Amino acid sequence: MSREARTLSVPEGVAGERIDSALTRVLGLSRTAIVKLLEDGDITTSGRAMAKSERVTSGQVIDVLMPEPLNQDPIPLTPLDGLRVVYDDEHIVVVDKPVGCAAHPSPGWMGPTVVGALMAAGYTISTSGPAERAGIVHRLDVGTSGLMIVAKTDVAYTRLKEAFRNHEVEKTYHALVQGHMDPVSGTIDAPIDRHPKEDHRFAVIAEGKESITHYEVIEFYRSVSLVKVELETGRTHQIRVHFSALNHPLVGDTTYGADPVLGKSLAMSRPWLHALELRFKHPVSSEELILNAPYAPDLQACLALLSEAVLP
């Protein structure tokens with residue numbers, strides 16, 4: 001299969017960033033994929049191969065030989081159990097994503113995906129954006145449940161991506177964090193970037209990207225707090241990183257410092273995090289949509305254990 005060659009001019013918004021970070025944002029590929037292209041000499045400027053430590057400048061012309069597109073979806077061609085359609089029209093479909101399901105296919109992921117499940121169920125998905133991320137305008141981690149919007153038409157894709165960039169989509173999450181939050185409401189304003197030593201993690205880093213999280217405690221339990229979270233920015237792992245930085249990691253989130261004993265006692269094998277509500281204007285009709293998704297079963301079971309005060 002032939003590989004696509006792209007020529008792009010660096011937008012002002014990523015000027016000064018390292019080439020691997022900038023192209024991750026511009027091309028929609030993973031950082032791992034960008035680094036592989038750099039190592040193979042497939043990213044050039046003025047005829048020379050670029051190094052991953054280089055920083056880009058506004059207007060710089062860069063040539064990229066894109067990786068081969070994924071030629072198959074890693075899930076069977078059957079609708080995914082547990083994937084619930086919350087809203088559907090000719091332009092968009094909003095789903096309640098179950099835990100254990102990725103947003104789209106990616107190298108190394110052989111489990112179910114939202115894109116694959118929808119296509120298997122007969123939905124038409126926008127072809128805008130990178131081929132492996134068709135129709136995806138925002139993502140949830142594999143271990144996070146809740147609401148996701150998928151574009152069915154190219155016009156919906158373009159307008160929704162712009163709405164997310166302009167912070168016009170209001171996203172509300174609920175998270176269960178260790179300890180009792182004090183103060184009970186506030187804003188976490190701390191820049192985030194990839195962890196300098198552990199590529200699979202992110203961290204609060206002084207020179208990172210602006211990241212803002214608003215929170216309000218809903219309820220205190222014996223040793224944890226149920227918190228409403230609203231994102232002003234949408235960085236990878238933002239909620240998990242921010243609460244970990246405050247020494248209140250999400251229950252079950254051992255990647256970011258959660259107590260494994262507490263998680264086990266509450267039967268949580270993943271971070272207690274749920275994308276509860278989306279508020280946005282329809283990309284074509286401009287109708288205001290307010291959509292909700294109930295807690296996933298494992299999250300409900302965890303709260304039931306807390307309510308019964310079965311913890312020692």
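Throughout, residue positions are numbered sequentially from 1 according to the sequence presented. If you're wondering where the values come from, they're calculated on a predicted model, not measured in any experiment. Hydrogens, waters and symmetry mates are skipped; everything else that's a heavy atom, side chains included, is used.
Side chains of Leu278 and Val86 form no contact here, defined as non-hydrogen atoms less than 4.5 Å apart. In this structure, Asp96 and Pro294 have side chains that are in contact, with non-hydrogen atoms separated by less than 4.5 Å. Side-chain atoms of Glu90 and Lys152, non-hydrogen and from C-beta on, never get closer than 4.5 Å to each other. For the pair Ile34/Ile43, a side-chain contact is recorded, criterion being any heavy-atom separation below 4.5 Å from C-beta on. Side chains of Val224 and Trp272 form no contact here, defined as non-hydrogen atoms less than 4.5 Å apart. Taking the side chain as every heavy atom from C-beta outward, Leu306 and Leu176 approach each other to under 4.5 Å. The closest side-chain heavy-atom distance from Tyr215 to His248 is not below 4.5 Å. Two residues are said to be in side-chain contact when any heavy atoms from C-beta on lie closer than 4.5 Å; Leu276 and Tyr295 meet this criterion.
For the pair Ser225 (side chain) and Gly179 (backbone), a donor-acceptor distance under 3.5 Å is present. A side-chain donor-acceptor contact under 3.5 Å links Thr45 to the backbone of Val61. Within the 3.5 Å criterion, the main-chain N or O of Lys209 finds a donor-acceptor partner in the side chain of Ser211. Judged purely by atom type and a 3.5 angstrom limit, Arg279 has no side-chain atom pairing as donor or acceptor with the backbone of Ile290. A distance-only check finds no donor-acceptor pair linking the side chain of Arg235 to the backbone of Ile212 [under 3.5 Å]. Counting only distance, with no hydrogens or angles, the side chain of Thr158 and the backbone of Val155 share no donor-acceptor pair below 3.5 Å.
The two residues Val137 and Ala151 come nearest to each other via the heavy atoms CG1-CB, 4.3 Å. Taking both residues in full, the closest heavy atoms of Ser58 and Ala15 are given as N-CB, 3.7 Å, listed atom of the first, atom of the second, then distance. Closest approach of His242 to Ala190, counting heavy atoms only: NE2-O, 2.8 Å. Between Gly41 and Ala49, the shortest heavy-atom distance links the atoms CA-CB, 4.1 Å. In this structure, Asp259 and Gln178 approach most closely via the heavy-atom pair N-OE1, 2.6 Å. Nearest heavy-atom pair across His274 and Gly146 is CE1-CA, 3.6 Å.
In this structure, Asp298 pairs ionically with Arg270, as a charged nitrogen and a carboxylate oxygen lie closer than 4.0 Å.
For Glu168, the CD atom counts as densely surrounded, since its 6.0 Å shell holds more than 12 non-hydrogen atoms of other residues, nucleotides or ligands. For NZ of Lys52, the number of neighbouring non-hydrogen atoms (other residues, nucleotides, ligands) closer than 6.0 Å is 12 at most.
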**Message:** Assess the residue pair His174 and Lys228 against the criterion (side-chain contact (heavy atoms from CB on, under 4.5 Å)); give the C-alpha distance rounded to whole Å, side-chain angles, the decisive distance to 0.1 Å, and a yes or no.
**Reply:** CA-CA 5 Å; His174 280 187; Lys228 180 176 80 170; 4.0 Å; yes
**Request:** Carefully, step by step, assess His282 and His91 under the rule side-chain contact (heavy atoms from CB on, under 4.5 Å).
**Result:** CA-CA 9 Å; His282 190 281; His91 293 285; 4.0 Å; yes
**Message:** Determine whether Arg240 and Phe202 satisfy the following criterion, side-chain contact (heavy atoms from CB on, under 4.5 Å), listing intermediate values before the conclusion.
**Reply:** CA-CA 9 Å; Arg240 300 166 64 187; Phe202 290 77; over 6 Å; no
**Item:** Candidate pair Gln238 and Thr213, rule side chain to side chain donor-acceptor pair (under 3.5 Å), full reasoning
**Value:** CA-CA 8 Å; Gln238 179 172 321; Thr213 301; 2.8 Å; yes
**CA sep, side-chain torsions, deciding dist, call: Tyr173, Leu140, side-chain contact (heavy atoms from CB on, under 4.5 Å)** = CA-CA 11 Å; Tyr173 295 75; Leu140 296 177; 3.7 Å; yes
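Using cut-offs of 30° and 60° on the angle between ring planes, the pair Phe220 and His180 is tilted.
Cluster annotation: Ile205 is not connected to Val241 through the hydrophobic network of ILVMFWY side chains, with a link wherever side-chain heavy atoms come within less than 4.5 Å. Side-chain heavy atoms closer than 4.5 Å link hydrophobic residues (I, L, V, M, F, W, Y) into clusters, and following such links, even through other members, never connects Val99 to Val142. Connection of Val227 to Tyr256 is not established within any shared hydrophobic cluster, with ILVMFWY side chains joined at heavy-atom distances below 4.5 Å, either directly or through further cluster members. Taken together through direct or relayed side-chain contacts under 4.5 Å among Ile, Leu, Val, Met, Phe, Trp and Tyr, Met66 and Val10 form part of one hydrophobic cluster. When the side chains of ILVMFWY residues are joined at heavy-atom separations under 4.5 Å, either directly or via intervening members, Val35 and Leu65 end up in two distinct hydrophobic clusters.
For the residue pair Glu232 and His167, no side-chain donor N or O sits within less than 3.5 Å of a side-chain acceptor on the partner.
If you take CD1 on Ile149 and CD1 on Ile92, they are separated by 6.0 Å, rounding to the nearest 0.5 Å. Of the inter-residue distances, the one linking His237 atom NE2 with Arg194 atom CZ reads 8.5 Å to the nearest 0.5 angstrom. If you take CD1 on Ile62 and OG on Ser9, they are separated by 8.5 Å, rounding to the nearest 0.5 Å. Distance check: Asp20 CG to Leu37 CG gives 11.5 Å after rounding to the nearest 0.5 Å. The distance from atom CD of Glu287 to atom CZ of Phe280, rounded to the nearest 0.5 Å, is 9.5 Å. Between atom CG of residue Leu23 and atom CG of residue Leu38 there is a gap of 7.0 Å, rounded to the nearest 0.5 Å.
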